[in-house]
Amino acid sequence: MLADLSSDVTLKNLKNNSSLDKFWIEVHSEYEVLSEKALGVLLHFPSTYLCESGFSAFLRFHFTPDIDNICSNIQAQPSH
């Protein structure tokens with residue numbers, strides 16, 4: 001099965017012209033088990049990447065919190 005996959009010229013062209021996740025989705029019907037294993041590994045990376053890039057974008061915003069304003073809007077909680 002893996003030998004067939006690696007020697008198929010059409011699949012090589014597909015792999016070279018698309019992202020890995022799209023490639024494995026495209027060949028899922030023919031290589032179901034291998035595709036599911038590959039997608040299981042690959043799907044972790046976009047989530048981590050998006051989280052990291054979102055955090056990095058957030059860090060680009062430099063701001064100073066208005067502590068007085070924040071504190072004035074908080075209701076004091078009495079002790080029990």
Once rounded to the nearest 0.5 Å, what's the spacing between atom [atom1] of [X] and atom [atom2] of [Y]?
| X | Y | atom1 | atom2 | result |
| --- | --- | --- | --- | --- |
| Asp8 | Glu30 | CG | CD | 7.0 Å |
| Phe23 | Leu11 | CZ | CG | 5.0 Å |
| Asn73 | Asn69 | CG | CG | 5.0 Å |

message = Checking Ser19 now: which residues fulfil side chain to side chain donor-acceptor pair (under 3.5 Å) with it, not counting sequence neighbours?
response =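 Only Asp21 meet the side chain to side chain donor-acceptor pair (under 3.5 Å) criterion with Ser19.
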Qualifying residues under side chain to side chain donor-acceptor pair (under 3.5 Å), relative to Glu26, sequence neighbours excluded =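 Checked Glu26 against side chain to side chain donor-acceptor pair (under 3.5 Å); zero matches.
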query = Hydrophobic clusters join Ile, Leu, Val, Met, Phe, Trp and Tyr when side-chain heavy atoms are under 4.5 Å apart, directly or via other members; which others share one with Ile70?
reply =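 For the cluster that includes Ile70, the remaining residues are Ile74.
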task = Find out whether Trp24 and Leu34 are in side-chain contact, i.e. whether some heavy atom of one side chain is under 4.5 Å from a heavy atom of the other.
result = yes
ask   = Does any non-hydrogen side-chain atom of Leu14 lie less than 4.5 Å from one of Thr10?
value =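 Answer no - side chains too far apart.
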